[in-house]
**Student:** 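Please read through the structure below; I'll follow up with questions.
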Amino acid sequence: MATRLPPGIVRCDDDVTRCFWCAGDPLYRSYHDHEWGFPVTDDQRLFEKIALEGFQAGLSWLTILRKRENCRRAFHGFAIVRVARMGARDVTRLLGDPGIIRHRGKIESAIHNAKQCLALIERHGTLARYVWRFDPPAKERPRRMTKGAVVKLTETPTSQALSKELRRRGFSFVGPTTMYALMQSVGLVNDHLEGCDARPRAEAARRSFRRPRELRQAQRR
């Protein structure tokens with residue numbers, strides 16, 4: 001007799017148990033298994049995640065994943081310095097690119113946010129040092145990661161604080177719901193459900209992960 005799975009857990013055709021939201025598409029499965037919930041410290045990857053979460057607003061994440069390689073090509077692999085140098089002609093060119101999300105505001109936001117990332121790097125040494133300041137406290141996390149718990153996690157006090165800080169620094173398309181999705185994506189939280197095969201792997205990665213340390217005040221000058 002088959003073991004009954006917890007609500008929100010699906011056993012896929014490869015006999016791997018996964019969170020309900022990724023089971024139907026191989027691209028989604030790969031993202032779920034190897035990226036979502038795993039810590040990210042590389043600045044270029046962090047900027048890519050910030051930019052793509054902004055592009056995702058109003059769309060499904062699967063749509064973004066299907067266009068991600070085209071977005072990487074269009075935005076120079078999300079190299080922060082190169083994106084920050086893009087201008088009006090680049091925006092016009094990208095609006096004609098059917099392989100990406102052709103939304104003027106989101107394209108301009110990605111370029112603008114790259115410039116703001118450079119300012120954060122100038123002050124904090126790396127983008128990762130800044131982002132990982134928003135590792136949420138344990139008291140903010142559900143005691144058990146069930147489907148009922150995770151569907152309520154659209155935003156949190158920490159995602160609200162991150163959104164407020166980024167907006168204060170001039171970022172756009174960084175609302176608190178978008179920032180919670182970012183936190184899930186870069187491993188600031190592990191929202192894999194209990195019973196998901198990826199959950200213990202993501203948790204082990206978080207336990208062994210060394211958080212980037214903030215620069216001392218004297219080093220910032």
**Student:** Please verify the inter-ring angle class for Trp21 with Tyr28; under 30° counts as parallel, over 60° as perpendicular, anything in between as tilted.
**Tutor:** perpendicular
**Student:** Is the closest side-chain heavy-atom distance between Leu118 and Glu122 below 4.5 Å?
**Tutor:** no
**Student:** Is Asp15 salt-bridged to Arg11, going by a charged N under 4.0 Å from an acidic O?
**Tutor:** yes
**Student:** Check for a donor-acceptor pair, side chain of His76 on one end and backbone N or O of Ala79 on the other, with a separation under 3.5 Å.
**Tutor:** no
**Student:** Salt bridge check: are Arg169 and Glu165 linked by an N-O gap of less than 4.0 Å?
**Tutor:** yes
**Student:** If I compare all heavy atoms of Pro137 with all of Thr158, which pair ends up nearest, and what's the gap?
**Tutor:** CD-OG1, 3.8 Å
**Student:** So does Phe173 get a backbone contact from the side chain of Lys106, meaning a donor-acceptor N/O pair under 3.5 Å?
**Tutor:** no
**Student:** Under 4.0 Å between a Lys/Arg side-chain N and an Asp/Glu carboxylate O for Arg72 and Glu69?
**Tutor:** yes
**Student:** Taking all atoms of both residues into account, what is the closest heavy-atom pair of Arg167 and Gly175, and its distance?
**Tutor:** NH2-CA, 3.5 Å
**Student:** For Glu53, does its backbone N or O pair with a side-chain atom of Trp61 as donor and acceptor, under 3.5 Å?
**Tutor:** no
**Student:** Can a donor-acceptor pair be found, under 3.5 Å and without considering hydrogens, that links the side chain of Ser163 to the backbone of Val174?
**Tutor:** yes
**Student:** Specify the closest pair of heavy atoms between Val83 and Ala110, including all atoms of both residues, with the distance to one decimal.
**Tutor:** CG1-O, 3.8 Å
**Student:** Got a donor-acceptor contact below 3.5 angstrom from the Asp43 side chain to the Ala128 backbone?
**Tutor:** yes
**Student:** Are any non-hydrogen side-chain atoms of Met179 and Glu155 less than 4.5 angstrom apart?
**Tutor:** no
**Student:** To the nearest 0.5 Å, tell me how far His32 NE2 sits from Phe38 CZ.
**Tutor:** 8.5 Å
**Student:** Is the side chain of Arg104 donor-acceptor paired with the backbone N or O of Thr92 at a distance under 3.5 Å, no angle test?
**Tutor:** no
**Student:** Below 4.0 angstrom, N of the basic side chain to O of the carboxylate: do Glu203 and Arg141 qualify?
**Tutor:** no
**Student:** Starting at OG of Ser109, measure out to CD of Gln116 and round the result to the nearest 0.5 Å.
**Tutor:** 9.5 Å
**Student:** Quick one: NZ on Lys49 to CG on Asp42, what's the gap to the nearest 0.5 Å?
**Tutor:** 11.0 Å
**Student:** Would you say Ile121 and Leu166 are hydrophobically clustered, going by side-chain heavy atoms of ILVMFWY under 4.5 Å?
**Tutor:** yes
**Student:** Carefully, step by step, assess Phe134 and Met183 under the rule side chain to side chain contact (heavy atoms under 4.5 Å, CB included).
**Tutor:** CA-CA 9 Å; Phe134 295 89; Met183 290 167 64; 5.7 Å; no
**Student:** So which heavy atom on Leu193 is nearest to which on Pro7, and how close?
**Tutor:** CD1-O, 4.1 Å
**Student:** Using modelled atom types only, decide if a donor and an acceptor are shared between the side chain of Asp33 and the backbone of Ala198 within a distance under 3.5 Å.
**Tutor:** no
**Student:** Taking the ring of Phe75 and the ring of Phe55, is the distance between their centroids below 6.0 Å?
**Tutor:** yes
**Student:** Given the rule that I, L, V, M, F, W and Y join up when any side-chain heavy atoms are under 4.5 Å apart, are Leu153 and Phe20 in one cluster?
**Tutor:** yes
**Student:** To the nearest 0.5 Å, what is the distance between OG1 on Thr41 and CG on Leu127?
**Tutor:** 10.5 Å
**Student:** Mind checking whether Val10 and Cys22 have side chains closer than 4.5 Å, heavy atoms only?
**Tutor:** no
**Student:** Given side chain to side chain contact (heavy atoms under 4.5 Å, CB included), test Gln160 with Tyr180 step by step and report yes or no.
**Tutor:** CA-CA 8 Å; Gln160 292 165 358; Tyr180 190 72; over 6 Å; no
**Student:** Taking the side chain from Ser159 and the backbone from Pro176, do they hold a donor-acceptor pair closer than 3.5 Å?
**Tutor:** yes
**Student:** Under a 3.5 Å distance rule, please check whether Arg199 uses its side chain to pair with a backbone N or O of Glu194 as donor and acceptor.
**Tutor:** no
**Student:** Please state whether the rings of Phe47 and Phe78 are parallel, tilted or perpendicular, taking 30° and 60° as the class boundaries.
**Tutor:** perpendicular
**Student:** Given side chains that start at C-beta, do those of Cys71 and Leu52 come closer than 4.5 Å, heavy atoms only?
**Tutor:** yes
**Student:** Would you check if Tyr130 and Cys117 make a side-chain contact, meaning some heavy-atom pair closer than 4.5 Å?
**Tutor:** no
**Student:** Do Asn70 and Asp97 have side chains that get closer than 4.5 Å, going by heavy atoms?
**Tutor:** no
**Student:** Side chain to side chain contact (heavy atoms under 4.5 Å, CB included), that's the test. Do Gln184 and Val189 meet it? Break it down for me.
**Tutor:** CA-CA 5 Å; Gln184 293 173 313; Val189 295; 3.8 Å; yes
**Student:** Hydrophobic clusters here meaning ILVMFWY residues chained together by side-chain heavy-atom distances under 4.5 Å, can you tell me if Val16 and Leu5 are in one?
**Tutor:** no
**Student:** Compare all side-chain heavy atoms of His124 with those of Pro212 and state whether any distance is below 4.5 angstrom.
**Tutor:** no
**Student:** Are there over 12 heavy-atom neighbours, none belonging to Arg85, within less than 6.0 Å of that residue's CZ?
**Tutor:** no
**Student:** Any carboxylate oxygen within less than 4.0 angstrom of a Lys/Arg side-chain nitrogen, looking at Arg82 and Asp90?
**Tutor:** no
**Student:** What are the two closest non-hydrogen atoms of Leu188 and Arg206, and how far apart are they?
**Tutor:** O-NH1, 3.1 Å
**Student:** Between Ile64 and Leu182, is there shared hydrophobic-cluster membership here, with clusters defined by ILVMFWY side-chain heavy atoms closer than 4.5 Å?
**Tutor:** yes
**Student:** Should Leu94 and Met86 count as side-chain neighbours, where that means a heavy-atom distance under 4.5 Å?
**Tutor:** yes
**Student:** With hydrophobic residues grouped by side-chain heavy-atom distances under 4.5 Å, do Ile107 and Val81 end up in a single group?
**Tutor:** yes
**Student:** If you measure from CZ on Arg133 to CG on Leu162, what distance do you get to the nearest 0.5 Å?
**Tutor:** 9.5 Å
**Student:** Give, for atom SG of Cys196 and atom CD1 of Ile9, the distance between the pair rounded to the nearest 0.5 Å.
**Tutor:** 5.0 Å
**Student:** So which atom in Gly77 and which in Gln44 form the shortest heavy-atom distance, rounded to 0.1 Å?
**Tutor:** O-NE2, 2.8 Å
**Student:** Between Met145 and Asp191, does a side chain to side chain contact (heavy atoms under 4.5 Å, CB included) hold up when you go through it step by step?
**Tutor:** CA-CA 7 Å; Met145 191 53 64; Asp191 281 357; 3.4 Å; yes
